[in-house]
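Lettering follows sequence order; numbering is per chain, from 1. As the structure is a prediction and not an experimental result, all values here were calculated from the model.
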There are 2 protein chains.
Amino acid sequence: MQKFMPQTIDELQERCKALAGRSLADLSQELNVSIPENLLHAKGWVGQLIETFLGCSANSKALPDFPNLGIELKTIPINRNYKPLESTYVCTVQANTCTHWRDSWVYNKLRHVLWVPIFSDPDLALKDRKIASPILWQMDPETEATLRTDWEELMEMLQLGFGKKLSAKFGTYLHIRPKAANSDVLQDYIDEAGNKTKIVPKGFYLRAAFTEQLCKT
Amino acid sequence: MQKFMPQTIDELQERCKALAGRSLADLSQELNVSIPENLLHAKGWVGQLIETFLGCSANSKALPDFPNLGIELKTIPINRNYKPLESTYVCTVQANTCTHWRDSWVYNKLRHVLWVPIFSDPDLALKDRKIASPILWQMDPETEATLRTDWEELMEMLQLGFGKKLSAKFGTYLHIRPKAANSDVLQDYIDEAGNKTKIVPKGFYLRAAFTEQLCKT
DNA sequence: CAGGATCCAGACGTGGATCCGT
DNA sequence: ACGGATCCACGTCTGGATCCTG
C-alpha cells in the first residue's frame with residue numbers, strides 16, 4: 001500500500017506527525033508489508049518502509065526523495081539516549097568528476113534533509129523499534145563550511161590518485177568508505193603515478209558524531 | 001541442463017554434428033526447458049536454447065560466446081530455400097568511441113563466427129523447426145573490406161552528428177537500426193550543430209542479403 | 001519487405017543501509 | 001567503536017533476437 005506523495009511541506013509535516021512514536025510492527029501492518037526477522041539480509045528494509053509511509057516513489061536517480069520539495073529522506077538508527085548507532089550513507093563517490101562544492105552530489109543531497117531517527121537498540125526486536133520525532137533540517141553555514149572542507153580535501157586526494165590510501169580516517173563530519181556488494185567489485189582508477197588500476201567503489205558517509213548533534217537537539 | 005563448454009574447435013564441431021537436423025522440440029526436451037507457444041514474447045528464446053546446447057555460459061559481456069576459442073555464436077532463421085528471414089543483430093553502436101576498424105566491436109564480433117541456420121518458415125510451428133548444418137566461418141579479406149567500408153561510413157555519420165538522419169538504408173552488408181526496449185528509450189547525443197539532444201539507442205545489423213551468401217554455400 | 005519498433009532474461013548498477021572483526 | 005566488508009530491492013542496461021506496418 002503506497003501513499004500519495006506530499007505536495008507541500010505542510011503535508012509532509014502532517015505525515016511526519018503521524019509517524020512519530022509508532023512502532024515498525026505497527027507501520028508494516030498498516031502498509032501491508034511483511035517484517036523480516038532481522039536486518040542481516042534486509043539492511044535497507046527500514047529505510048524503504050519509511051519511504052513507503054511518507055510516499056516517496058523509491059525510484060528516481062539523482063533526484064531527491066521528494067523531488068517537488070527538494071527534500072532528501074534519511075533514517076538514523078539511534079539508541080535510547082538518541083545517540084546514532086551507525087554512520088549515515090550519503091551518496092556514491094564519483095571520482096574524476098571534479099566540480100565545485102555547490103554542484104556536488106553531497107551538497108545537493110544534504111542541503112535539505114528530513115532526518116527520521118529510530119530507536120534501534122540491538123536488544124530491541126525489529127518489530128518493537130519505534131520512530132522518534134522526525135527532524136526537518138536545512139544545512140546551516142557553519143555546517144556547510146565543515147562539510148565543504150571535508151569534501152574538497154577528500155576529492156582532492158582522489159583526483160591526485162591517492163584513492164588506495166584514502167581510508168575512512170580522513171574527514172571531520174564526512175568520510176569515505178567502501179560501497180559495493182563486496183570487496184571483489186572493482187572499478188577503474190588512475191593512481192598517483194598515472195597508472196591504470198582498480199579500486200573498490202566508494203561512498204560518502206556522515207560520521208555518527210555529526211548526526212548525533214542533530215538527533216540530540 | 002547446461003552442457004560443458006567445448007575446450008577445442010574439434011569439440012565444438014562434434015557438438016555441432018549433434019545439433020544438425022534436430023528439431024527445437026527435441027532439443028528443448030533434452031535440455032529440460034519448456035517451449036513457448038511462439039516467439040512474440042520470447043524473441044531470444046531460440047538463440048538461448050542453442051547457446052545452452054552448445055555450452056556457452058550466456059553471460060560474459062564484451063567477450064565472445066566461446067571465449068577460449070574466440071568464436072561468436074549467431075543463429076539465423078531461414079526458409080526452406082536457405083534464405084534468411086531476418087537481418088542479424090551484431091552489437092550495439094557505441095557513439096563517440098571512435099576507434100579503428102580492427103578495434104571495433106563489429107570486427108571482433110564477426111571475425112570468427114559459428115552460424116547456426118534454423119529452418120523457420122512462418123507456417124512451421126516452433127517445435128517443428130529444425131537446425132540446418134552449422135557453419136564455422138572466418139571473415140575473409142573481401143568481406144572484411146566491405147564491412148569495414150560500411151562501418152567507417154556509418155561511424156563517420158554518427159561522429160559528425162547525423163545520427164537522427166542515419167536510417168537503415170545506409171550500408172551494403174552492415175546497417176544501423178534501433179536497438180532498445182521501445183522508441184521512448186533515449187540516450188544522449190550531440191547533433192551536427194553541436195547541440196545536446198537525444199536519440200534512440202542503435203545497433204549494427206547484417207542485412208539478409210549478406211547472410212544469404214553464407215547459408216547457401 | 002525493408003526499416004523502424006519492440007520483447008524477454010539475466011547481468012549490472014545504485015540507493016536503501018547495517019554487519020562485524022580487530 | 002571504527003572502518004572495511006557486505007546485503008537486498010529494483011531499475012536499467014545488454015545480449016538474445018523477431019515483430020509488424022506502410
Inset, instruction - Round to a whole Å and report the spacing from NE2 of His175(A) to P of dA17(C). - result: 15 Å

Short heteroatom pairs, N/O only, protein and nucleotides 18-22 of chain C, under 3.5 Å:
residue	atom	partner	partner atom	Å
dT18(C)	O2	Lys43(A)	NZ	3.2
dT18(C)	O4	Arg177(A)	NH2	3.4
dC19(C)	O4'	Lys43(A)	NZ	3.4
dC19(C)	N4	Glu86(A)	OE1	3.2

Inset, instruction - Would you check if the side chain of Tyr205(B) reaches a backbone N or O of Cys91(B) as a donor-acceptor pair within less than 3.5 Å? - result: no

Inset, instruction - Would you please confirm or rule out a distance under 4.0 Å between OP1 or OP2 of dT6(C) and any side-chain N or O of Ser183(B)? - result: yes

Legend entry - Atom pair distance, as rounded to whole Å: CG in Leu110(B) and P in dG15(D): 14 Å

Inset, instruction - Whole angstrom is fine here: how far is it from CG in Asn182(B) over to P in dC8(C)? - result: 11 Å

Inset, instruction - Would you classify Gln94(A) as touching base, sugar-phosphate or nothing, given that sugar-phosphate means primed atoms plus P, OP1 and OP2, and contacts are heavy atoms under 4.0 Å? - result: nothing

Inset, instruction - Evaluate whether atom CD of Glu192(A) has more than 12 neighbouring non-hydrogen atoms of other residues, nucleotides or ligands under 6.0 angstrom away. - result: yes

Inset, instruction - Have a look at Glu72(B) and say if it touches a base, only the backbone sugar-phosphate, or nothing, with a 4.0 Å heavy-atom cut-off. - result: sugar-phosphate

Please tabulate, one pair per line, all N/O donor-acceptor pairs under 3.5 Å involving side-chain atoms of residues 117-126 of chain A, not counting sequence neighbours.
residue	atom	partner	partner atom	Å
Ser120(A)	OG	Ile118(A)	O	2.8
Asp121(A)	OD1	Arg80(A)	N	3.2
Asp121(A)	OD2	Arg80(A)	N	3.4
Asp121(A)	OD2	Arg80(A)	NH1	2.9
Asp123(A)	OD2	Arg80(A)	NH2	3.3

Legend entry - Between C1' of dG3(C) and CZ of Phe204(B), the distance in whole Å: 16 Å

Legend entry - Non-hydrogen side-chain atoms of Val106(B) and Trp101(B) separated by less than 4.5 Å: yes

Legend entry - Minimum-distance nucleotide to Pro178(B) side chain [options: dG16(D), dG3(C), dT6(C)]: dT6(C)

Legend entry - Side-chain touch Tyr82(A)/Leu214(A), heavy atoms, less than 4.5 angstrom: no

Legend entry - Between dG3(D) (C1') and Phe210(A) (CZ): distance, integer Å: 20 Å

Inset, instruction - Could you state the atom-to-atom distance from CD of Gln48(B) to P of dG16(D) in whole Å? - result: 9 Å

Inset, instruction - Using only heavy-atom distances, decide whether a donor-acceptor pair under 3.5 angstrom links the side-chain of Lys179(B) to the base of dG15(D). - result: yes

Report, one line per pair, each donor and acceptor closer than 3.5 Å where one atom sits in a side chain of residues 180-188 of chain A; sequence neighbours left out.
residue	atom	partner	partner atom	Å
Asn182(A)	OD1	Asp184(A)	N	2.7
Asp188(A)	OD1	Lys198(A)	NZ	2.7

Legend entry - Any His41(A) side-chain nitrogen or oxygen under 4.0 Å from OP1 or OP2 of dC7(D): no

Inset, instruction - Would you classify Ala208(B) as touching base, sugar-phosphate or nothing, given that sugar-phosphate means primed atoms plus P, OP1 and OP2, and contacts are heavy atoms under 4.0 Å? - result: nothing

Inset, instruction - Cation-pi check, Lys179(A) to Tyr89(A): give yes when NZ or CZ is under 6.0 Å from the six-membered ring centre and within 45° of the ring axis, no otherwise. - result: yes

Inset, instruction - Quick one: label Lys74(A) by what it contacts on the DNA or RNA (base, sugar-phosphate, nothing), any heavy atom closer than 4.0 Å. - result: sugar-phosphate

Legend entry - Spacing between Leu63(B) atom CG and dA11(C) atom C1', to the nearest angstrom: 14 Å

Inset, instruction - Find which nucleotide of DNA chain D each of Leu166(A) and Leu73(B) is nearest to by heavy atoms, and output the residue with the more 5' nucleotide. - result: Leu166(A)

Inset, instruction - Let me know the distance between CD of Glu212(B) and P of dC1(C), rounded to the nearest Å. - result: 12 Å

Legend entry - Close side-chain approach of Phe210(A) to Leu206(A), heavy-atom, < 4.5 Å: yes

Legend entry - Listed nucleotide nearest any side-chain atom of Glu51(B), set dA5(D), dG16(D), dG16(C): dG16(D)

